[in-house]
A.B. asks: 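Got a structure for you, written out below as structure tokens; questions coming shortly.
The figures here come from the full heavy-atom set of this structure, side chains too, leaving out hydrogens, waters and symmetry mates. Since the structure is predicted, the reported quantities are computational estimates derived from the model, not experimental observations. Throughout, residue positions are numbered sequentially from 1 according to the sequence presented.
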Amino acid sequence: MIGTRAKLDELAKILEMAAEPAGEAGVAKRDKKGIPSVRQRVDMLLDKGTFIETGALARQPGQTDALYGDGLVTGRGLIGGRPVVVISHDQTVYGGSVGVTSAQKFMRALQFAFDNACPVVTINDSGGARIQDAVGSLASFGDISRVLEKLSGYVPQVSIILGKCAAGSVYGPINTDVLIGTKDSYMFVTGPDVIKAVNGEDVSAEDLGGAKVQAERGTLHHVAETEQEAYEWARNYLSYMPTSCVEQPPIVNPGLEPEITDTDRELDKIIPDSDRAGYDMHEILLRIFDDGEFHEIRAAFAPNLITGFARVDGFPVGVIANQPLVLGGAIDAACSDKSTYFIRLCDAFNIPLIFIADTPGVLPGLSEEAAGVIIRGGRVPRAIIEATVPIINLVVRKSYGGAYGMMGARQVGADFSFAWPTARIAVIGAESAVDLLGKRQLAAIPEEHRAAAREFMVNQYNETVATPWIAAERGYIDAVIEPVRTRLEIRHALRLLRTKQPLKPEFNPRKHSIYPM
């Protein structure tokens with residue numbers, strides 16, 4: 001008969017093996033790569049001492065030499081004092097690949113997040129489906145996908161990409177809310193060796209799916225220099241998020257700087273006198289939100305549009321702003337996707353939206369038409385219309401053409417629409433309007449006077465047509481405000497909207513609308 005002492009000794013031995021399943025070989029592999037252990041990674045992410053692991057002794061049945069954990073560490077902990085579920089691949093065990101046993105652990109962790117309404121953070125360093133488990137591994141990815149879909153829009157989901165992630169290990173993360181990669185991480189469906197074998201194409205891992213490339217494509221929402229920075233970025237991102245869609249986002253330091261400050265006064269000087277002169281929209285964003293804080297999302301993708309999080313009176317807000325330094329702030333197909341995604345992300349988690357407009361319109365050209373700017377741009381106003389969170393629109397300079405609606409105009413869905421005195425709101429800009437409408441009139445003027453006449457007509461258009469006064473007089477915007485008062489006006493507006501409830505929709509027997517795709 002085995003006594004209690006022997007059983008306790010056996011437990012200690014098993015736990016020691018489970019803590020380092022791959023043994024000395026696994027440690028050597030990590031040392032060679034210069035990476036932390038899987039549990040060190042979890043500890044780097046979570047509040048110190050809060051991790052509770054589940055499923056550490058899981059392993060493949062029927063195999064006496066099967067490794068504990070099956071290449072996956074799962075459990076719960078705290079970030080900023082709030083609960084999260086953590087799932088982390090162990091690169092030293094079966095290459096972090098997903099088999100039937102690890103998939104079951106994965107799904108149990110996701111189900112716990114669903115049952116307890118808390119965010120999920122997945123640390124991905126995986127080769128994808130485990131070849132040895134054959135169809136069982138493929139089926140497991142299908143099972144995981146179904147649970148991920150249940151969580152989408154219900155709880156925040158964050159994926160951190162480390163190492164080389166391929167095949168099934170990229171399809172899971174792409175269905176989460178945000179993807180963070182380190183600068184030396186990779187994502188691809190099939191790696192360079194497979195591509196070389198299949199079609200003879202010779203491509204480097206960096207060009208195929210390196211972090212820089214994937215950020216420019218919009219796949220990665222942020223690229224971190226180090227693992228620690230990736231974890232800090234994830235923690236900061238979650239600080240703007242509620243634990244689930246049935247909660248409200250956290251409030252941080254409300255009521256700061258209630259009166260006009262020197263920083264506010266700098267807004268009066270930011271907009272250049274010339275419509276053609278550029279400026280950095282970040283200079284405005286840093287002055288109209290709490291503490292000059294701005295957490296940007298997808299900075300490398302479609303940089304002519306800025307998206308990110310800030311706080312107003314301590315409450316998180318989502319910000320969508322044109323960037324005049326890139327393509328003059330014009331809206332193209334890529335930034336249409338960027339905007340649609342961000343609107344739906346914020347709306348899912350009860351985060352108000354603030355649009356800051358300075359755009360000459362939708363970017364013209366053959367390449368944009370071929371890229372589907374009509375289809376992709378058409379989704380933006382749909383997303384705004386469907387959103388039920390408070391929406392504020394502010395025009396600081398240009399708001400022309402179809403971009404007017406894509407930047408949250410009141411007619412599309414804004415609860416409050418403001419403009420600075422420097423705003424110009426029209427179908428097209430003055431130069432284009434004069435060239436179209438004044439073509440015959442200019443042709444009748446002697447050539448030596450034509451340039452001066454054109455300049456006069458452009459100025460007259462700007463002063464009498466494309467002004468915020470007409471929009472305000474006709475009720476298309478709510479107010480023309482001084483730039484210096486912007487921070488306070490946004491604060492006042494959001495206070496009024498704090499109790500906004502979704503309108504009860506009129507009866508419509510449809511199952512759902514159909515997006516342009």
Side-chain angles (χ1 to χ4, degrees), residues 255 257-273 275 279 281 283-290 306 310-313 315 317-322 324 329 343 346 351-360 381 384-385 387-401 403-427 429 461-500 503:
E257 299 176 350
E259 302 302 329
I260 290 175
T261 66
D262 289 340
T263 302
D264 292 321
R265 293 185 183 93
E266 292 171 0
L267 291 170
D268 285 340
K269 307 172 186 175
I270 283 182
I271 300 298
D273 290 336
D275 281 352
Y279 64 92
M281 178 59 78
E283 295 298 324
I284 291 179
L285 302 183
L286 293 174
R287 288 168 171 80
I288 62 178
F289 300 116
D290 293 2
I306 299 168
R311 288 187 174 88
V312 173
D313 207 10
F315 290 77
V317 295
V319 181
I320 298 177
N322 306 114
I343 292 164
C346 291
I351 298 174
L353 285 161
I354 298 178
F355 290 83
I356 312 294
D358 183 357
T359 173
I384 298 171
I385 291 166
T388 61
V389 294
I391 298 175
I392 294 175
N393 156 264
L394 169 66
V395 181
V396 298
R397 191 164 63 168
K398 298 186 290 292
S399 185
Y400 294 153
Y404 172 78
M406 294 181 186
M407 291 304 295
R410 201 181 70 188
Q411 294 71 37
V412 179
D415 297 287
F416 286 102
S417 185
F418 302 123
W420 284 0
T422 48
R424 301 195 188 283
I425 304 172
V427 175
Y461 181 93
N462 280 332
E463 292 169 8
T464 61
V465 178
T467 76
W469 317 117
I470 292 177
E473 288 167 7
R474 298 179 183 177
Y476 296 126
I477 61 174
D478 294 296
V480 180
I481 63 173
E482 298 173 89
V484 67
R485 294 196 55 82
T486 302
R487 183 176 58 84
L488 299 183
E489 293 292 348
I490 290 175
R491 176 178 289 186
H492 295 157
L494 285 179
R495 283 180 177 175
L496 289 173
L497 295 169
R498 203 160 285 166
T499 57
K500 178 183 177 182
L503 294 175

A.B. asks: Do you know which two heavy atoms are closest between D358 and R397, and how far apart they sit?
C.D. replies: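 Looking at all heavy atoms of both residues, the closest pair is OD2-NE, 3.0 Å.
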A.B. asks: Listed by chain and number, what are the side-chain hydrogen bond (donor to acceptor under 3.5 Å, both in side chains) partners of E283, not counting sequence neighbours?
C.D. replies: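 In terms of side-chain hydrogen bond (donor to acceptor under 3.5 Å, both in side chains), with neighbours along the sequence ignored, E283 is linked to R287.
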A.B. asks: Rounded to the nearest 0.5 Å, what's the gap from CH2 on W420 to CD1 on I270? Could you check?
C.D. replies: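 Between atom CH2 of W420 and atom CD1 of I270 there are 6.0 Å.
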A.B. asks: Which distance, rounded to the nearest 0.5 Å, do you find between the CD1 of I490 and the CD1 of I288?
C.D. replies: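 Rounded to the nearest 0.5 Å, the CD1-CD1 separation comes to 4.0 Å.
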A.B. asks: Given I343 and I384, is the side chain to side chain contact (heavy atoms under 4.5 Å, CB included) satisfied, shown in steps?
C.D. replies: CA-CA 7 Å; I343 292 164; I384 298 171; 3.6 Å; yes
A.B. asks: Heavy atoms, side chains only, cut-off 4.5 Å: are D264 and T486 in contact?
C.D. replies: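 Side-chain contact under 4.5 Å: no.
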A.B. asks: What residue among I356, L394, I320, V395 forms side-chain contact (heavy atoms from CB on, under 4.5 Å) with M407?
C.D. replies: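 Of all the options given, the one that passes is I320.
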A.B. asks: Kindly indicate, with the supporting measurements, whether the criterion side chain to side chain contact (heavy atoms under 4.5 Å, CB included) is fulfilled by I354 and L494.
C.D. replies: CA-CA 10 Å; I354 298 178; L494 285 179; 4.2 Å; yes
A.B. asks: Looking at every heavy atom in both I392 and A493, which two are closest together, and how far apart are they?
C.D. replies: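 Shortest heavy-atom contact: CD1-CB, 3.6 Å.
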A.B. asks: Rounded to the nearest 0.5 Å, how far does CG of N393 lie from CZ of F418?
C.D. replies: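 One finds 9.5 Å between CZ of F418 and CG of N393.
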A.B. asks: Grab the two heavy atoms, one from R311 and one from F289, that are nearest each other, plus how far apart they are.
C.D. replies: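 Of all heavy-atom pairs spanning R311 and F289, the closest is O-CB, 3.5 Å.
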A.B. asks: On a heavy-atom basis, which atom in G318 and which in I351 lie closest, and how many Å separate them?
C.D. replies: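 Closest pair (atom of G318, atom of I351, distance): N-CG2, 3.4 Å.
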A.B. asks: When rounded to the nearest 0.5 angstrom, what is the spacing between OG in S417 and CD1 in I425?
C.D. replies: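 If we round to the nearest 0.5 Å, S417:OG and I425:CD1 are 6.5 Å apart.
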A.B. asks: Which residue pairs pass the salt bridge (Lys or Arg N to Asp or Glu O under 4.0 Å) test when at least one of the two sits in residues 411-425, sequence neighbours left out?
C.D. replies: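 Of all non-adjacent pairs touching residues 411-425, those that pass salt bridge (Lys or Arg N to Asp or Glu O under 4.0 Å) are D275-R424, D415-K500.
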A.B. asks: Working to the nearest 0.5 Å, report the span between CD1 of I260 and CZ of R487.
C.D. replies: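 Output value for this atom pair is 8.5 Å.
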A.B. asks: Identify the heavy atoms of Y400 and P360 that sit nearest to each other, and give their distance.
C.D. replies: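 Heavy atoms of Y400 and P360 come nearest at CB-O, 3.5 Å.
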A.B. asks: Show the numbers, then the answer: is there a side chain to side chain contact (heavy atoms under 4.5 Å, CB included) between F315 and R498?
C.D. replies: CA-CA 10 Å; F315 290 77; R498 203 160 285 166; 3.3 Å; yes
A.B. asks: Could you grab the distance from atom NZ of K269 to atom CD1 of I271, nearest 0.5 Å is fine?
C.D. replies: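 Reported to 0.5 Å precision, the distance equals 14.5 Å.
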A.B. asks: Heavy-atom distance under 4.5 Å between the side chains of V412 and F355, does that happen here?
C.D. replies: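 Side chain of V412 against side chain of F355, heavy atoms only: no contact under 4.5 Å found.
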A.B. asks: For the pair Q411 and Y476, evaluate side chain to side chain contact (heavy atoms under 4.5 Å, CB included) and give the outcome as yes or no after the intermediate values.
C.D. replies: CA-CA 8 Å; Q411 294 71 37; Y476 296 126; 3.6 Å; yes
A.B. asks: What are the two closest non-hydrogen atoms of G408 and A414, and how far apart are they?
C.D. replies: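 Looks like O-CB, 3.1 Å.
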